[in-house]
Novice: 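Let me give you the structure first, and then I'll get to my questions.
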Number of protein chains: 2
Amino acid sequence: MAVDAATPRLDEQVCFALHAASRAVTALYRPLLDDLGLTYPQYLVMLDLWEHGDRGVKELGKALSLDSGTLSPLLKRLEKAGLVRRERRGDDERSVRVTLTGDGDRLRDKAVPLPGLVGDAMGLDAAQLDELRVTLNRLTDSVTRYRTGLGS
Amino acid sequence: MAVDAATPRLDEQVCFALHAASRAVTALYRPLLDDLGLTYPQYLVMLDLWEHGDRGVKELGKALSLDSGTLSPLLKRLEKAGLVRRERRGDDERSVRVTLTGDGDRLRDKAVPLPGLVGDAMGLDAAQLDELRVTLNRLTDSVTRYRTGLGS
DNA sequence: CGCAGTTGAATTGTGCACAACTAAATTGCG
DNA sequence: CGCAATTTAGTTGTGCACAATTCAACTGCG
């Protein structure tokens, strides 16, 4: 074999395929989310709030794997847009509770059709999408465990 | 069915699984790439240069799906780190040729083991990784075509 | 009670992603 | 040739990702 046989090739890297796919999907969402006045990460936060209604910053961070350095300014922008309220909890002044406003709650209706549209554009059938999601979640779990110490 | 049956659920979204997986893999690379003095996007650029040796900014952008707004400052940082040279072409002064320096070329050896390490951490066997890569590339193509006009 | 240690959010700083715009070089057409 | 249209990088501005730090609020232990 040639000496450079081991040189990593860009188009063979799963990591690059992952990176590219993620950016492509975000780019597909962008014009749709523009109509709702949201960015993609803001949309993920709203999805969580629509589902759970009432969250601490810490809880959001855990659900989305984001830290306060990302969430704090993002939540301030959502607050400025009138979609959420942020208030210190009475029982623990350290923690901030994030709540949907009326506008934030109503925005949900406009968001309902998005996943269907995006799913269609992916060019995979329901079974393939399901399998992909399962595989990606396994990969994320595995990588995260690996990364956070435990070797397996 | 309940009125909220259609509310998109975060953990059912393929887009979120993609986003989370991509960030988890980048986070796994980070400490490894720190040893090479590279960030993950810089590593992708170096992969392309190790493979092709000599590239215009435009070519890099096409290969990595990045525009000059991202690449220009990134390439300047690589130049400052002594890994690449940037020079205007003689025959077309608009275009900038990016070349590896000796240090940039030598760094390749240190990068060879990375994909193997990361592949292991993903917890999937070779066949699953291969299938995942193919599926992601199909998805990216499909989404990109959809996004850039042609409906199919 | 008092204080060390922990926890939760925010801030700061670096770098990427991308849209919108600028500016220079080149191409091609009348 | 002369100029409009195109091509190529770079710049500016906004927002996300994340490390490192700060600070206040809380907890628990002596």
Side-chain angles (χ1 to χ4, degrees), chain A residues 15-16 19-31 33-34 37-46 55-62 64-81 84 86-98 144 147-148, chain B residues 15-16 19-31 33-34 37-46 55-62 64-81 84 86-98 144 147-148:
Chain A
C15 65
F16 176 61
H19 191 71
S22 177
R23 284 191 298 126
V25 170
T26 302
L28 176 62
Y29 266 105
R30 189 167 299 116
L33 289 173
D34 271 351
L38 294 174
T39 64
Y40 182 68
Q42 287 167 13
Y43 167 67
L44 294 179
V45 167
M46 294 301 286
R55 289 287 233 177
V57 172
K58 176 108 191 192
E59 284 175 299
L60 279 173
K62 193 170 177 197
L64 302 172
S65 310
L66 291 171
D67 66 10
S68 65
T70 300
L71 285 174
S72 285
L74 188 156
L75 290 169
K76 281 188 187 171
R77 284 186 283 270
L78 286 180
E79 185 176 46
K80 201 166 152 195
V84 307
R86 297 182 313 129
E87 43 205 357
R88 296 276 162 188
R89 294 190 108 90
D91 55 335
D92 184 345
E93 283 286 331
R94 285 173 307 180
S95 133
V96 165
R97 184 175 42 189
V98 181
T144 303
R147 201 160 60 76
T148 52
Chain B
C15 66
F16 175 61
H19 191 70
S22 177
R23 284 192 297 126
V25 170
T26 302
L28 176 61
Y29 266 106
R30 190 167 298 114
L33 289 173
D34 271 352
L38 294 174
T39 64
Y40 182 69
Q42 288 167 10
Y43 167 68
L44 295 179
V45 167
M46 294 301 285
R55 290 285 235 178
V57 173
K58 175 109 190 197
E59 284 175 299
L60 279 173
K62 195 172 175 194
L64 302 172
S65 308
L66 292 172
D67 66 11
S68 65
T70 301
L71 285 174
S72 286
L74 187 157
L75 290 170
K76 281 188 187 172
R77 284 186 284 269
L78 286 180
E79 185 176 45
K80 201 165 151 194
V84 307
R86 297 182 316 129
E87 43 205 355
R88 296 276 162 189
R89 293 190 110 91
D91 56 334
D92 186 345
E93 284 285 331
R94 285 172 308 181
S95 131
V96 165
R97 183 175 43 188
V98 181
T144 303
R147 200 159 61 77
T148 52

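Every chain is numbered from 1, with letters handed out A, B, ... down the list of sequences.
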Novice: Of A:Arg30 and A:Glu59, whose nearest nucleotide on DNA chain C comes first from the 5' end?
Specialist: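 In this pair, the answer is A:Glu59.
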Novice: What heavy-atom pair brings B:Pro31 and B:Ala27 nearest, and what distance separates the two atoms?
Specialist: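 Minimum heavy-atom separation between B:Pro31 and B:Ala27: CD-O, 3.2 Å.
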Novice: In whole angstroms, how far is the P atom of D:dG15 from the CG atom of A:Leu44?
Specialist: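 Checked: the CG to P distance equals 17 Å.
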Novice: For the pair made of OH in A:Tyr29 and P in C:dA19, what is the distance, rounded to whole Å?
Specialist: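 After rounding, the reported distance stands at 18 Å.
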Novice: Rounded to whole Å, how long is the line connecting atom CZ of B:Arg97 with atom P of D:dA9?
Specialist: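 About 12 Å, once rounded to whole Å.
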Novice: Residues in side-chain contact (heavy atoms from CB on, under 4.5 Å) with B:Ser68, at least two apart?
Specialist: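 In terms of side-chain contact (heavy atoms from CB on, under 4.5 Å), with neighbours along the sequence ignored, B:Ser68 is linked to B:Ser72.
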Novice: What nitrogen or oxygen pairs link the protein and nucleotides 4-8 of chain D at under 3.5 Å?
Specialist:
unit_1 : atom_1 : unit_2  : atom_2 : d
D:dT7  : O4'    : B:Arg94 : NH1    : 3.4
D:dT7  : O2     : B:Arg94 : NH1    : 3.0
D:dT8  : OP2    : B:Lys58 : NZ     : 2.8

Novice: Between A:Val96, A:Leu66, A:Leu78, which is the residue that forms a side chain to side chain contact (heavy atoms under 4.5 Å, CB included) with A:Leu71?
Specialist: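 So the option named by the test is A:Leu66.
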Novice: What integer distance in Å separates B:Leu71:CG from D:dT12:P?
Specialist: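 Value for this atom pair: 18 Å.
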Novice: Can you tell me whether the side chain of A:Thr39 and the base of D:dG15 have a donor-acceptor pair closer than 3.5 Å?
Specialist: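 There is none.
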Novice: Is the shortest side-chain heavy-atom distance between B:His19 and B:Arg23 below 4.5 Å?
Specialist: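 Yes. Closest side-chain heavy atoms under 4.5 Å.
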Novice: Using a 4.0 Å heavy-atom cut-off across all strands, classify A:Asp34 as base, sugar-phosphate, or nothing.
Specialist: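 No contact at all - A:Asp34 keeps every heavy atom at 4.0 Å or more from the nucleic acid.
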Novice: Take the protein atom CD of A:Glu93 and the nucleotide atom C1' of D:dT27, then report the distance between them rounded to whole Å.
Specialist: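 For the pair A:Glu93 CD and D:dT27 C1', the rounded distance is 16 Å.
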Novice: Starting at the 5' end of DNA chain D, which residue's closest nucleotide do you reach first, B:Lys76 or A:Ser65?
Specialist: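 It is B:Lys76 whose nearest nucleotide is closer to the 5' end.
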Novice: Is A:Ser72 side chain donor-acceptor paired with the C:dA9 base, going by distance under 3.5 Å alone?
Specialist: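 Counting by modelled atom types and ignoring angles, no donor-acceptor contact under 3.5 Å is found here.
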Novice: Between D:dA17, D:dG15, D:dC18, which one does the side chain of B:His19 approach most closely?
Specialist: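 Shortest atom-to-atom distance from the side chain points to D:dA17.
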Novice: Taking the side chain as every heavy atom from C-beta outward, state whether B:Leu74 and B:Pro41 have any pair of such atoms under 4.5 Å apart.
Specialist: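 The answer is yes; the side chains approach within 4.5 Å.
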Novice: Considering only C:dA10, D:dC26, D:dA9, which nucleotide approaches the side chain of A:Ser68 most closely?
Specialist: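 The answer is C:dA10, which lies nearest to the side chain.
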Novice: Rounded to whole angstroms, how far apart are CG on B:Leu28 and C1' on D:dA17?
Specialist: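 Going from CG in B:Leu28 over to C1' in D:dA17 covers 16 Å.
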Novice: Over how many whole Å does the gap from B:Leu33 atom CG to D:dA19 atom P extend?
Specialist: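 Atom-to-atom, B:Leu33 to D:dA19, this comes out as 14 Å.
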Novice: Under 4.5 Å between any side-chain heavy atoms of B:Glu79 and B:Val98, yes or no?
Specialist: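 No. Closest side-chain heavy atoms not under 4.5 Å.
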Novice: Expressed in angstrom and rounded to an integer, what is the separation of B:Leu75 atom CG from C:dA17 atom P?
Specialist: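 So the two atoms are 12 Å apart, to the nearest Å.
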Novice: Please pick, from D:dA17, C:dC18, D:dG10, the nucleotide with the shortest atom-to-atom distance to any side-chain atom of A:Arg23.
Specialist: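 Of D:dA17, C:dC18, D:dG10, C:dC18 is nearest to the side chain of A:Arg23.
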Novice: Can you list the residues that meet the side-chain contact (heavy atoms from CB on, under 4.5 Å) rule with A:Arg89, with sequence neighbours excluded?
Specialist: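 A:Arg89 satisfies side-chain contact (heavy atoms from CB on, under 4.5 Å) with A:Asp91, A:Ser95, A:Arg97 only.
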Novice: If you find the nucleotide of DNA chain D closest to A:Thr70 and the one closest to A:Gly90, which residue's nucleotide is nearer the 5' end?
Specialist: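 So the residue in question is A:Thr70.
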Novice: Considering only side-chain heavy atoms of B:Arg88, which listed nucleotide, D:dA9, D:dC18, C:dA17, is closest?
Specialist: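 Of the candidates, D:dA9 comes closest.
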Novice: Heavy-atom distance under 4.5 Å between the side chains of B:Leu60 and B:Leu75, does that happen here?
Specialist: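 Sidechains of B:Leu75 and B:Leu60: in contact.
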Novice: Counting side-chain heavy atoms from CB outward, which of D:dA17, C:dA17, D:dA19 is closest to A:Asp67?
Specialist: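 Side chain of A:Asp67 sits closest to D:dA19.
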Novice: A:Ala24 or A:Arg86: which one's nearest nucleotide on DNA chain C is closer to the 5' end?
Specialist: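 The 5'-side residue here is A:Arg86.
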